[in-house]
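First comes the structure, then the notes that go with it.
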Amino acid sequence: MKTILTGNHAVAYAVKLSRVKVVSAYPITPQTTIVEKIAEMIAKGEMDAEFVNVESEHSALSVVYGSALAGLRSFTATSSHGLLYMYEMCWWVSNSRLPLVMAVVTRTIGPPWNIHTDHTDLMTLRDSGWIIAMAENAQEALDLTIQSFKISESLNLPFAVGLDAFVVSHTAEVVDVPDQETVDEFLPERKQAYRVDPNDVFAVGNIADNLETMRMRREMALDMEKAKGVIDEVGREFGEIFGRRYGLVEEYMVDDAEYIVVMTGAWSGDAKEAVDILRKRGIQIGLLKLRYIRPFPREVIERFDDRKILVVDRSFSMGHRGTLGIEVGNVVDCKNVVAGLCGVDVGFEDFKEMFERFVRGELGEVEWWI
Amino acid sequence: MKTILTGNHAVAYAVKLSRVKVVSAYPITPQTTIVEKIAEMIAKGEMDAEFVNVESEHSALSVVYGSALAGLRSFTATSSHGLLYMYEMCWWVSNSRLPLVMAVVTRTIGPPWNIHTDHTDLMTLRDSGWIIAMAENAQEALDLTIQSFKISESLNLPFAVGLDAFVVSHTAEVVDVPDQETVDEFLPERKQAYRVDPNDVFAVGNIADNLETMRMRREMALDMEKAKGVIDEVGREFGEIFGRRYGLVEEYMVDDAEYIVVMTGAWSGDAKEAVDILRKRGIQIGLLKLRYIRPFPREVIERFDDRKILVVDRSFSMGHRGTLGIEVGNVVDCKNVVAGLCGVDVGFEDFKEMFERFVRGELGEVEWWI
Amino acid sequence: MDLRCVLLPGNPSCQGCPHAIGLKALSVLENPIVVVPAGCTTIIAGFNPKQSIDLPVVHVPFASAPAVACGLSKAYDNVVVWMGDGATDIGFSTLSGSAIRNDNILVVVSDNEAYMNTGIQMSGTTFWKAKTTTTPAGKREEKKDLALIMLMHRIPYVATASVGYMRDFVRKVKKASKIKGFKFIHLHSPCPPGWRFDSSKTVEVARMAVKSGAWILWEYDGSFRITGMSRMFRDKSKRIPLTEYLRVQGRFKGLTEEDVRTIEERIDEVWKLLDVLENTINKA
Amino acid sequence: MDLRCVLLPGNPSCQGCPHAIGLKALSVLENPIVVVPAGCTTIIAGFNPKQSIDLPVVHVPFASAPAVACGLSKAYDNVVVWMGDGATDIGFSTLSGSAIRNDNILVVVSDNEAYMNTGIQMSGTTFWKAKTTTTPAGKREEKKDLALIMLMHRIPYVATASVGYMRDFVRKVKKASKIKGFKFIHLHSPCPPGWRFDSSKTVEVARMAVKSGAWILWEYDGSFRITGMSRMFRDKSKRIPLTEYLRVQGRFKGLTEEDVRTIEERIDEVWKLLDVLENTINKA
Amino acid sequence: MLKEGIILCLGGQGGVTAGRILALACVKDGLYAQAIPHFGAERRGALVKNYFRLSDKPIRRHSPAKRGDFVVVFAEKILNLIDVKEILKEDGLVILNSKRGLNGLKCYYVNASEIALRLNLVSAGWPIVNTAMVGAIARVLNLSLDSVLSAVEDTFGGRLEDINKKAVEIAYGEVKSWSG
Amino acid sequence: MLKEGIILCLGGQGGVTAGRILALACVKDGLYAQAIPHFGAERRGALVKNYFRLSDKPIRRHSPAKRGDFVVVFAEKILNLIDVKEILKEDGLVILNSKRGLNGLKCYYVNASEIALRLNLVSAGWPIVNTAMVGAIARVLNLSLDSVLSAVEDTFGGRLEDINKKAVEIAYGEVKSWSG
Amino acid sequence: MEWLKTLISRPSKGVSGKTGYWRTFKPIYDRDKCVLCYECYVYCPENCVEIVEKVVKIDYDFCKGCGICSEVCPANAIEMVKED
Amino acid sequence: MEWLKTLISRPSKGVSGKTGYWRTFKPIYDRDKCVLCYECYVYCPENCVEIVEKVVKIDYDFCKGCGICSEVCPANAIEMVKED
Ligand SMILES: Cc1ncc(C[n+]2csc(CCOP(=O)(O)OP(=O)(O)O)c2C)c(N)n1
Ligand SMILES: Cc1ncc(C[n+]2csc(CCOP(=O)(O)OP(=O)(O)O)c2C)c(N)n1
Ligand code: SF4
Ligand code: SF4
Ligand code: SF4
Ligand code: SF4
Ligand code: SF4
Ligand code: SF4
Ligand SMILES: [Mg+2]
Ligand SMILES: [Mg+2]
């Protein structure tokens, strides 16, 4: 059913449709409306789950860690300082190989206090073994959340669904909300590699041998590689059922492109408009939207190593360059624009100008779009 | 005076010699002996400072944030889960542009619980605006800590001194401990860009404009670039006074090297021995030790873009490749070995074999040394 | 009472904001530094390059305030933490740790019984049965009794106060600021949008809480005593009906008579305990 | 008393370990899951692929235990947190939040009065004047009274216990496990290397604490009462001299007579308060 | 066809809800729409900007519009706080809650405050004008009244539903173009 | 000249301190040294390995030695727990706390437990053998007695200093090579 | 160090501008009824009440019209009147 | 899923091996003195005391020799003797 939803409410509906059993979260703008909506649906009896109000994000993730260990499909959501506050638990969850889903509404890290979008917070998860996706709009937020449970549970890796603060989280737009039956068809019951149970006596997580532990990490690395296939496969299957196909990346006019812009997140929509404008002028430019940051779509990017690449970053790694600039630059040569940090608006007009300068060869290695 | 000290005690002496006024930390193996030693020196009246026992790492960094804001030279130390637990405060400190020093004894992140070395914890700071150094041995731990105050205070950026768990932190070895007068000569009184004071009425950190905030981030990025010069300059000055010269990197037989290995941390010593062995066999190999991870010595690495490069990583970014592999690979093509995670011992014999395989071209893009 | 007035007009607080009233009490402090974690006060304090509190203010992460204040106290005498009830939830370890350390700071928790800055989510101190966006059917748990819990930390000074009785609050702030060590004041701060009452009623609602016996003003400074107006309401017959206090607030819509009785019983228990404490913890 | 015995021989605990004694009490629980944050028990629990506790054990980060237990309690009835005093420091928000939420879990804090696993650093519950590696001159602050603080959280069950009186402790564990909601037991656990006494004295030192009145066994389950051996030591004349308890411990070396008197006074105050609570909080 | 609008209101006036109702009405009319509330840090009472887009094709851009094809003003006093011309496109139009329109601009006006008061749509002394304004905007944008009413239905429950629908209807009928 | 040793002791026997005293003695003799305690997670009582290096040049490697030029055994019962030959280099030697040496190996022995008991160096029933063992090792490694005594001085204060120095001296004198 | 100006803020009235425009109702003071008890001064959350020479002055530039002064006034000397 | 075996551990005696070797003193039981009060059983931290057919059995493979059983025994039926 087509309706109007904010990105946050789209996530909330996806959580409900995914038959999540335990939700725990701590308020932080602009994440809060996700869990407020869930609390409301539970209170109204529309959703059959427990909502646990906690005293911090560290505990929010701990609660769902516990419930997920016990075999219950679980969900949390946070943003910025909240993510940093639960950071220890994020690593614990992934190193436990526990499937779990968390929405991360990307927001600037302070000081100064600032509630607007910036991808730096989400990027702090990139080493930890979480699968990381970014939604471009409310529809993707909903669709990715539903897929996330399936992907997470089939790989035993936690999944973070990113959405830009306000730009996606609070923008109300048209979303096609699938019905419960179809989602049930797509998303089977929760599965996981192990489950804590009073009747099966074992311990989870006690001290282990160094080499064995390193082997465990290597397996995680391999499963992350495997995730690439799983993501594309689940995205294809989703497409068959719901008519919207997903995968590691979205390729927009890249096949014949001489110039390719790589980016992620909500502003990709504006960038596509800018691509259209330049295309109309005969400039062969395309957009490669990274829908997933982890696993990193290295192989896809490699395919374009004969093109001119520009990476537009909404996060910066202090003392080096843009975060995606580093990542993509590891695969292909690229220019790097750092833009839109700390919630600075960047619209299609900006992209038009930026891409023009890129095509004219006017961009340096790392440019701050200020 | 030459004596025997563990890396941790070397740091403690450096803190004392740097006339730190406030120390606050929370116990975590293998960091604890740093602050135990400091507590002991203070109790004995050998050191004039306040030691604040706190209930968590988040608070440890908060306490020294407060004391540093008030203009007092301050120090903390942590490791692994402790670092992750104070992660939010780490960002707050750097975004506040507050000079401050923290020792990070690198340790594996659980589960399973593991107290041995692994650089993944330290690497989580790499986006945040902290200057990050790694000590190869106890002497470097002492020397870098003394330099860190000078560097941090001249750039208004916090400084993390990394040392490998046990391999440096608990290994007792020969350290030349300078005397107080010489250190005083090298290290002036604390300076900082602003200081909170009851007689100067202003607020720090309240909500600011997006664009202004992004500008602030750009300045931080620029100061990080400037840090490269400052680090080399302070390292040179340190060399003149103490006879041991420092800088962003240590170049070991790289000038004429056809093959260059890039790495950081304690095992560089073992790697140098392996280089010597291969050199004796006429193989032109050298070692580029990254003493600093942030700012990233990009320009130094660029100089070697005509050599064959191998990056040996003790940290891995799940879903992509080794953390330094990503960083270095952004500048020059490189092979990447991931080794020694989770405290797995890697000695000169391993390096010998590894480097031989590298030279023989037997290494793939990313190899796990297990 | 001189409220030289550290809160400047034209600040971003909502109409009738209780924090804004309470903050004025900081005017009586000598050379304070104020540490403020995330919360409505972050907003009230203003936007760069301006600030609306005429004191040095250090904005800090949500859970960190007493620890940052501890650090500042190594250089300065009069460090004050002004924090919300939410900051007290997430930062309860920090608060408790600071209290146990007996840091030389004053902590004021301005308790509007929910996370207002993020849009009215329940906190530990939210009243039983109160509706918030995360407890749409009313909160299931009891209000956390911060002040009694802090009293059990055996710190030199603990008090409750109310924005409805500013003279009492100001006296307590002044007194606390003269004591060395850890001081704690739990300030009751009814919030118009959060509790759903008209912005003109902030002070009245605060007073109704005291007059109905639901909020009790007390103080411990070595001895324990009920203070101010609350002394009068020890006598239950002098109290206003509890329902008066509850009914003016939209958040309690749908409360049954039985609910009110339950609340009443709990209030009685607290009074009983405080009475005993007054008789027991008594230096004189 | 059947201690079916969930702690298996040949585990890594030090000789005379109090946690090891205390853990045996979990044998009386039906189908429990045990949540263990970082601490000595992490070690005692054994190394992969083996574990020395014959129950399902979930190892968790230092500050997270009650919250993880809360999550598990959504599926299972008998979730127990076994944590140290240090975990209670860093995780005090988590503990307090869980208590306020009235999660259906039992939390046992096995209090050896320092961070032992990291090598004897002071914690909130370290005794006044005790020497640790971070308080080489003796701790300056008082021992945090966890159980009283938790009592003020108004949870259904709070008790203190001691590894010196296992029958009392086991009874309390059993009783708590039958109650729905949040249960808290503060277990006194003297540690030979940490307190510097001979490994054979663990039980004796624990008993001396009770016999000298320094550690008081009590219980709240709606009513408040002093329990077990402590009932006898209400009568001060029946107590053993406090110095006997203190002197056997190396960590109190150098304590002056005045220090001992101060400790005695504080103990008297606590007894007074507990007496009053016994008379006040009394359903019968 | 892509139209961009900016809705100016005071905090507490319900501008965010207005945007969402309008967007929902668009969907019901088979259009695409986007309502972007601007969240500053301000508390209630202060000026708030909301962005609005509608189109017959999916809307890709998410950045706020710098200027609107139309600008909606929820309260006359907002005109003292902001120069509407600065955020209006060349040929843009204004929709104003007032007894009269603005000179020198393409302008529609409706007395939404009066409608709200008439219906006793009041909270804390404020007339709740958002649904009336929705009616007016819908009319100007040529959305069908049915769709708007149905969108209001989906948004409110109980007593509030009817009264708000009435407000929409009245304003949909009363909004006028100003020629002054 | 680089020599690597492995010191085997039981937790609580002071092996870590022994390593540090030895290293300090080396410095005083103008040598370089390294003492690497191996930290497992074990509590006191369990077997602990400490690594030791000395050299006339700065020591760069930090990895634990797989086999030692010498292996020190603090208690005979350790021989039941670990096969010394597995961690000894071909021509390596063993230094043992015992009344006798080991057959089939180059071996030195000293009755450190007896020396400790003689000096009343006892804690919790355990003889504290570490300084006696330091004396024996120093002798075997040809470190000067003065340096070792001075290192002990730097390590202990008060009463403990003298008694430990005595332990070193006695063991330095009494250690013998075994030829059995 | 341009960043310093973004990190640091100085006291100023009118951080949110002339918040008088937030008002729906306006407090009107009646000097005759006033008993000079200072309640309005103490409780005005906007801190825009001054008492100068025994007269209450309300700074309408900033008064948000919350109505608290009127409520706390024991003498009914402040009336809230709808703004036009 | 090889990793599962590293993450998960199963109950077993002797996690730290035969900890009997940690012992300096050995508890020696005197059946004649024993009053079967179970104190040793209750308080042995190693859980290596069993009482079978009215006789206390100490598992010396694991007994670390802490001496607690001896201390808590009201009948002095357990004596700690130095190991050789
Ligand atoms: C770690 C972290 N989590 C969440 C937030 C979001 N947050 C900011 S203010 C706030 C609520 C504040 O509530 P309270 O302390 O009661 O103050 P009030 O707004 O009610 O005055 C929250 C949850 C944050 N800033 N940091
Ligand atoms: C976030 C974090 N900080 C610090 C540590 C290090 N740490 C592990 S156990 C421990 C002390 C535990 O003390 P306590 O809870 O009293 O248990 P005990 O060891 O005394 O049984 C500490 C500080 C950690 N694991 N995680
Ligand atoms: S929400 Fe309440 S506490 Fe927050 S600013 Fe508004 S009135 Fe004040
Ligand atoms: S240090 Fe104390 S608590 Fe920890 S294992 Fe040893 S005896 Fe037990
Ligand atoms: S109406 Fe409110 S803001 Fe205005 S003067 Fe009165 S109390 Fe102050
Ligand atoms: S409250 Fe009323 S009587 Fe008192 S000073 Fe103000 S106006 Fe006058
Ligand atoms: S000596 Fe200790 S471990 Fe051995 S049986 Fe007695 S109590 Fe148990
Ligand atoms: S404690 Fe002594 S008397 Fe009691 S059962 Fe054991 S050996 Fe027998
Ligand atoms: Mg609040
Ligand atoms: Mg402890």
Side-chain angles (χ1 to χ4, degrees), chain A residues 20-24 26 49-76 85-93 95-96 98 100 190 194-213 215-216, chain D residues 6 8 11-12 29-38 41-81 90-101 103 105 117:
Chain A
V20 163
K21 285 288 160 277
V22 177
V23 176
S24 181
Y26 190 69
E50 269 218 64
F51 185 80
V52 184
N53 278 306
V54 284
E55 78 299 333
S56 79
E57 289 86 359
H58 198 279
S59 286
L61 191 52
S62 297
V63 167
V64 293
Y65 178 69
S67 56
L69 272 182
L72 304 173
R73 192 170 278 162
S74 302
F75 171 83
T76 185
Y85 197 76
M86 59 160 65
Y87 198 55
E88 183 196 21
M89 279 310 300
C90 292
W91 287 80
W92 194 267
V93 167
N95 282 342
S96 296
L98 194 65
L100 193 70
R190 177 177 172 87
Y194 65 99
R195 196 167 71 85
V196 169
D197 182 330
N199 297 311
D200 188 5
V201 181
F202 60 79
V204 192
N206 55 359
I207 299 167
D209 175 69
N210 294 352
L211 189 56
E212 291 300 322
T213 310
R215 288 216 172 93
M216 215 183 131
Chain D
V6 296
L8 303 176
N11 66 64
L29 296 171
E30 275 164 42
N31 289 328
I33 289 174
V34 187
V35 179
V36 176
T41 308
T42 312
I43 315 289
I44 300 169
F47 319 125
N48 175 267
K50 298 180 185 174
Q51 72 153 330
S52 52
I53 300 176
D54 194 7
L55 291 173
V57 173
V58 180
H59 290 277
V60 298
F62 209 23
S64 70
V68 174
C70 165
L72 286 160
S73 78
K74 300 304 164 197
Y76 305 121
D77 285 335
N78 230 336
V79 184
V80 182
V81 173
I90 192 172
F92 203 56
S93 309
T94 320
L95 179 68
S96 177
S98 177
I100 286 299
R101 228 166 25 237
D103 287 338
I105 63 173
N117 188 39

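Proteins come first, then strands; the chains are lettered A, B, ... in the order of their sequence lines, and each starts at number 1.
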Heavy-atom pair with the smallest gap, counting every atom of [X] and [Y]:
X       : Y        : value
A:Met89 : D:Pro61  : SD-CG, 3.5 Å
A:Tyr65 : D:Val60  : CE2-CG1, 4.2 Å
D:Thr42 : A:Ile207 : O-CD1, 4.1 Å

Reported [atom1]-to-[atom2] distance for the pair [X] and [Y], which is rounded to 0.5 angstrom:
X        : Y        : atom1 : atom2 : result
D:Ser64  : A:Glu88  : OG    : CD    : 7.0 Å
D:Arg101 : A:Ser59  : CZ    : OG    : 6.5 Å
D:Asn48  : A:Met216 : CG    : CE    : 9.0 Å

Leading residue by heavy atom contact count with chain D [cutoff under 4.5 Å; candidates [options]]:
options                    : result
A:Val64, A:Val52, A:Asp209 : A:Val52
A:Val22, A:Asn53, A:Leu61  : A:Asn53
A:Ala60, A:Ala208, A:Ala70 : A:Ala70

Please evaluate residues A:Asn206 and D:Val57 with respect to the criterion side chain to side chain contact (heavy atoms under 4.5 Å, CB included), reporting the C-alpha separation (whole Å), side-chain torsions for both, the decisive distance (0.1 Å), and the verdict.
CA-CA 9 Å; A:Asn206 55 359; D:Val57 173; over 6 Å; no
Side chain proximity check, D:Gln51 to A:Val201, heavy atoms < 4.5 angstrom:
yes
Between D:Ser96, D:Cys70, D:Pro49, D:Pro56, which residue shows the highest count of heavy-atom pairs closer than 4.5 Å to chain A?
D:Pro56
Among D:Ser93, D:Ser98, D:Ala45, which residue forms the greatest number of heavy-atom pairs with chain A at distances under 4.5 Å?
D:Ser93
Select one option (side chain, backbone, both, neither) describing which atoms of D:Ala63 are under 4.5 Å from chain A's heavy atoms.
both
Does A:Asp200 CG have over 12 foreign heavy atoms under 6.0 Å away?
yes
